[in-house]
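Whatever order the structure lists ligands and atoms in, that order sets their numbers, starting from 1.
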Amino acid sequence: MIIVLKPHAPQDKVRAFCRELEAMGLQINDSVGSDTHILGLIGDTKAVAISWVMANPVVESCRRVSEPYKKANRKFHPEDTVVELGGKVRIGGGHFAVMAGPCSVESEEQITLVARRVQAAGASVLRGGAFKPRTSPYSFQGLRAEGLALLRKARAVTGQPLVTELMNNEHIPLFLEAGVDMIQIGARNMQNFELLKAVGQLDVPVLLKRGLSSTLEELVMSAEYIMAEGNPNVVLCERGIRTFETSMRNTLDLAAVPMLKKMTHLPVVVDPSHASGLAFMVPSLAQAAVAAGADGLMIEVHNDPARALSDGAQSLTPDQFDALMATVKPELGFFGKELN
Ligand code: PEP
Ligand code: MN
């Protein structure tokens, strides 16, 4: 961190400030020029808040020269992290996983039929929401605990690990009891820091979706919250962001994939369903995600999209999902990725 001091800052105040910084375990490289006085902080500055530095009257400006995230930072962990689900599915480090299923779990018939079809097409993880974050309180809110029970039934049929969204710390015992293989933290909860800390204390992999208006650094800082509590198994998900464009539900930020892979060692998956909101473009966006270097895909598939209780317009039919997988598989071969 580099701190520029105000010209003519009183010497006693500057010395007191330096003593405070040294008491935090930092070394100071003091450089006094003809009209500028700069302090270079050496050491672990991740707990030094810019706002705390700027609040000191001797400070003119302040800038970080290293990232505020350590555990998620590729600089300190150059190899790709590989996250394992249910003892059989691997994501990252050349292993590619497709997570597919309906937006919401609606009935036993629906979830088992979709689970069978997506598995036959090559999806290794079953997705399905039991607790749904809906914009309107009058929309379908999910089958909740019953939805978790139906996901378990579907898993008993296909053996696929499950990923499902957790919205509330109080539901953690239910998720553990259901043996959920991967906990999804949805876009709307990406900065629910208490929830992040709570899943950080679990021994369950986490799929962390990017917030609707979050920067990549904010996404990585949320991953850092989970990792700082002791859970290293975090997979990041780009699911589209809010922009000025209105013809699609969101704008898929595919540049996020190579950037996140430069910033972190964590696997990155892409969700083209929520990113576009439109089923017709999901297959092309999925192909583009593979080409951009993604480690996996999350795709919404419904047996009858026109009657889906949520996100029907972006859901593929099982036949459309078959066609998507038929194009993605050879592409993975081309890019040297191994499909689970
Ligand atoms: C979902 O996966 O169904 C979902 C609600 O996603 P997001 O949090 O990305 O909107
Ligand atoms: Mn959805």
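Residue contacts with ligand 1 include E165, since one or more of its heavy atoms lies under 4.0 Å from the ligand.
Listed by atom number, the atoms of ligand 1 under 4.0 Å from R239 heavy atoms are 7 (P), 9 (O), 10 (O). Atoms of ligand 1 lying under 4.0 Å from at least one heavy atom of A187, given by number and element, are 7 (P), 8 (O), 9 (O). Taking every non-hydrogen atom of G186 and a distance limit under 4.0 Å, the qualifying atoms of ligand 1 come out as 8 (O). Of all the atoms in ligand 1, the ones that sit under 4.0 Å from a non-hydrogen atom of E300 are 3 (O).
Between K209 and ligand 1, at least one pair of N/O atoms sits closer than 3.5 Å.
Open room surrounds CD on E170; 12 or fewer heavy atoms of other groups in view lie less than 6.0 Å from it. Taking a 6.0 Å sphere around NZ of K71, one finds it holds 12 or fewer heavy atoms contributed by other residues, nucleotides or ligands. Within 6.0 Å of atom CZ in R116, 12 or fewer heavy atoms from other residues, nucleotides or ligands are found, so the atom counts as exposed in its surroundings.
Listed for the N56 side chain is no donor-acceptor partner under 3.5 Å among the backbone atoms of V59. Side-chain N or O atoms of H77 include one that pairs as donor or acceptor with a backbone N or O of E79 at under 3.5 Å.
Scanning the protein heavy atoms around atom 4 (C) of ligand 1, the nearest turns out to be H274 NE2, 3.4 Å. Looking from atom 2 (O) of ligand 1 to the surrounding protein, the closest heavy atom is R127 NH1, 2.7 Å.
In terms of distance to the Mn ion (ligand 2), the nearest N, O or S atom of E300 is named OE2. Atom OD2 is the N, O or S atom of D311 at the shortest distance from the Mn ion (ligand 2).
Residue E84 holds its CD atom at 10.0 Å from CD1 of I91, rounded to the nearest 0.5 Å.
Using cut-offs of 30° and 60° for the angle between ring planes, the F17 and W52 rings count as tilted.
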